[in-house]
> 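Take a look at this one; I'll ask things after.
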Amino acid sequence: MLRLFVLVVFCAAFSACQNPSSSSNTPSSPELTTQASAVELPEDFKAFYQKFHTDSLFQLEHIAWPLQGDKSVRVDAERMEKRTTTWEKATWHMHRPVDFSSGEFKQHWEVLGDALIIER
């Protein structure tokens, strides 16, 4: 019985010590953020998004080069690590639309005001 009590206390303490995930993209005004399920994306954005993923020249013209960001790099057989990287126009591989119907990836939209839409 004592072992069960210690196990429950350990699990409770462990779960309480974990940091909640946070994002540097969290808006200062949460009321401006809308989840994908509750938002209809603007028609002009939908047209831009479609053309961006189907027209290579359009895609190249609408990226601020050099593009900086993070990429996942395999450290060993069990671990991936984020590393800062820079992509150049000369070595860019065109991004194509992702098929979300397989369930392998999830798509999440955030609309921040009238000028910014974030896709995760």
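For the numbers below, each heavy atom of this structure counts, side chains included, while hydrogens, waters and symmetry mates do not.
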> How many angstroms lie between atom CD of E110 and atom CD1 of I117, to the nearest 0.5 angstrom?
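CD1 of I117 is found 11.0 Å from CD of E110.
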> Which residues satisfy the ring-ring contact (aromatic ring centres under 6.0 Å, His included) test with H53, sequence neighbours excluded?
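H53 satisfies ring-ring contact (aromatic ring centres under 6.0 Å, His included) with Y49 only.
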> Taking salt bridge (Lys or Arg N to Asp or Glu O under 4.0 Å) as the test, write out the residues that go with E81, two or more places apart.
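Once residues adjacent in sequence are excluded, the partners of E81 under the salt bridge (Lys or Arg N to Asp or Glu O under 4.0 Å) criterion are R83.
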> Can you list everything that forms a side-chain contact (heavy atoms from CB on, under 4.5 Å) with F58? Sequence neighbours excluded, please.
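Partners of F58 by the side-chain contact (heavy atoms from CB on, under 4.5 Å) criterion, ordered by chain and then number, come out as F48, K51, F52, D55, H62.
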> According to side chain to side chain donor-acceptor pair (under 3.5 Å), who are the partners of D99, at least two apart in sequence or on a separate chain?
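D99 satisfies side chain to side chain donor-acceptor pair (under 3.5 Å) with S101 once adjacent residues are dropped.
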> Mind checking side-chain contact (heavy atoms from CB on, under 4.5 Å) for L67 and listing every partner two or more places apart, or none if nothing turns up?
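If we apply the side-chain contact (heavy atoms from CB on, under 4.5 Å) test to L67, skipping adjacent residues, the hits are I63, W65, W87, W92.
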> Once rounded to the nearest 0.5 Å, what's the spacing between atom CZ of R96 and atom OG of S56?
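Rounded to the nearest 0.5 Å, the CZ-OG separation comes out at 7.5 Å.
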> Please name all residues satisfying side-chain contact (heavy atoms from CB on, under 4.5 Å) with E88, sequence neighbours left out, ordered by chain then number.
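In terms of side-chain contact (heavy atoms from CB on, under 4.5 Å), with neighbours along the sequence ignored, E88 is linked to P66, T86, T91.
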> Cluster partners of F100, using ILVMFWY side-chain heavy atoms under 4.5 angstrom, listed by chain and number?
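F100 clusters with V98, F105.
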> Taking only residues two or more places apart in sequence, or in another chain, which ones meet R79 in a side chain to side chain donor-acceptor pair (under 3.5 Å)?
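Not a single residue meets the side chain to side chain donor-acceptor pair (under 3.5 Å) criterion with R79.
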> What pairs with D70 under side-chain contact (heavy atoms from CB on, under 4.5 Å), at least two apart in sequence or on another chain?
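For D70 the side-chain contact (heavy atoms from CB on, under 4.5 Å) partners, ignoring immediate neighbours, are K82, T84.
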> If the condition is side chain to side chain donor-acceptor pair (under 3.5 Å), which residues does E43 pass it with, not counting sequence neighbours?
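Only K46 meet the side chain to side chain donor-acceptor pair (under 3.5 Å) criterion with E43.
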> Transitive ILVMFWY cluster of M80 at side-chain heavy atoms under 4.5 Å: who else is in it?
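None; M80 is a cluster of one.
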